[in-house]
Amino acid sequence: MINSRSADSVIVLDFETTGLSPAQGDRAIEIGAVKLEHGQVVAHFQQLMNPGFRVSSFIENYTSISNNMLRTAPCCEDVMADFADFIGDANLVAHNASFDQRFLTAELDIIGRQYREQFACSMLIARRLYQHAPNHKLGTLVEYKHIHHDGVFHRALADSEMTARLWLTMIDDIKHQYGINDIPFSLMQKFAKTPKANINKVFC
DNA sequence: TGCCAGGCCCTCTTTAGGGCCTT
């Protein structure tokens, strides 16, 4: 069963998009992902994609992805077909996963594909594990945990790499804190959804 | 014209409201 797999064998992904809501017509403009097997990076995926309309100046400034860069990029449908093949039957992780899950579902719906995998949210876990962090934005958590980064933010591959390092850091911290050797993906999902008052019961 | 999401979580809560996160 997929959920019995170890939490350190997942695909960590991040979308850059034209806005916040596919229901309002927003589309993906970049996908980045890191494949982890037993805590090691074994593959990357990164691709710009042309949403079929110009992105706003806010998005150009926020992501450093310009309309000129997108003009020659392949369309979303072609990129997402390749990405669906890349994720296969892996479990998935993203920071604020509800956002990326909405776009993944919407973009795969357009090409008649589906993902069967489970999704876990690194932000929900960080809120429980690092309750004293200044906040739980990805960039803040990377600094808070002294996680290596190259200074690039709000690009899909860079953010997915940082999220992957944060994910593995949280797994290590949970292992040390609760004295366990291996954490199933399903237990991380349970941790993410458990009320803070009860989180110590999840790994005991 | 003006507006525009949504799930989670906390509290001055649960017959609600608002901040946090993502682009």
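The structure presented is a predicted model; accordingly, all values stated were derived computationally and were not measured. Only this structure's heavy atoms are used, side chains among them; waters, hydrogens and symmetry mates stay out. Every chain is numbered from 1, with letters handed out A, B, ... down the list of sequences.
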Return the set of residues passing side chain to side chain donor-acceptor pair (under 3.5 Å) with A:Gln177 (not counting sequence neighbours), or none when no residue passes. none

Taking only heavy atoms on the protein side, list every residue of residues 93-103 of chain A lying under 4.0 Å from any atom of DNA chain B, sorted numerically. A:His95, A:Asn96, A:Phe99, A:Arg102

What residues from residues 148-158 of chain A pass a heavy-atom cutoff of under 4.0 Å to DNA chain B? A:His154

Grab the N/O contacts between the protein and nucleotides 10-14 of chain B below 3.5 Å, and write none if there aren't any.
residue: B:dC10; atom: OP1; partner: A:Lys196; partner atom: NZ; Å: 3.3

Let me know the distance between CG of A:Leu129 and P of B:dC8, rounded to the nearest Å. 19 Å

Enumerate the ring pair (Phe, Tyr, Trp, His ring centres under 6.0 Å) contacts for residues 89-113 of chain A, please, sequence neighbours excluded, ordered by first and then second residue. A:Phe99-A:Phe103

Any Lys/Arg nitrogen of A:Arg5 or A:Asp89 sitting under 4.0 Å from an Asp/Glu carboxylate oxygen of the other? yes

Holding to salt bridge (charged side-chain N to carboxylate O under 4.0 Å, His left out), I want the full list of residues that pass it with A:Lys137, two or more places apart in sequence or in another chain. none

Please report the distance, rounded to the nearest Å, between CG in A:Leu124 and C1' in B:dG6. 13 Å

Nearest-angstrom distance from the residue atom CD1 of A:Ile31 to P of B:dT22: 16 Å

Give every residue pair that meets the side-chain hydrogen bond (donor to acceptor under 3.5 Å, both in side chains) criterion with at least one member in residues 158-168 of chain A, sequence neighbours excluded. A:His44-A:Glu161

Considering only atom P, compute the distance from B:dC3 to B:dT22 and round it to an integer number of Å. 26 Å

Run the side chain to side chain donor-acceptor pair (under 3.5 Å) test against A:Asn135 and tell me which residues pass, sequence neighbours left out. A:Thr140

Looking at B:dC20, I'd like to know if its phosphate oxygens (OP1 or OP2) sit under 4.0 Å from a side-chain N or O belonging to A:His136. no

Using whole Å, what does the distance between atom C1' of nucleotide B:dC8 and atom CD1 of A:Ile125 come to? 14 Å

To the nearest 0.5 Å, what is the distance between CG on A:Asn67 and CD1 on A:Ile65? 10.5 Å

Under a 4.0 Å heavy-atom cutoff, the residues of residues 65-80 of chain A touching DNA chain B are none

Every protein N/O within reach of nucleotides 16-19 of chain B N/O, cut-off under 3.5 Å:
none

Rounding to an integer number of Å, can you tell me how far A:Asp26 CG sits from B:dG6 P? 11 Å

Return the value, rounded to whole Å, for the distance between atom CG of A:Leu104 and atom C1' of B:dA5. 17 Å

Between B:dC20 (P) and A:Gln131 (CD): distance, integer Å: 17 Å

Span that lies between the C1' atom of B:dT15 and that of B:dT1, in whole angstrom: 34 Å

Of all residues at least two apart in sequence or in a different chain, which pass the side chain to side chain donor-acceptor pair (under 3.5 Å) check with A:Asn181? none

In whole angstrom, give me the gap between the C1' atoms of B:dA5 and B:dC12. 27 Å

How long is the line joining CD of A:Gln24 and P of B:dG2, in whole Å? 18 Å

Tell me, which pairs form a side-chain hydrogen bond (donor to acceptor under 3.5 Å, both in side chains) where one or both residues lie in residues 193-204 of chain A, sequence neighbours left out? A:Tyr178-A:Asn200

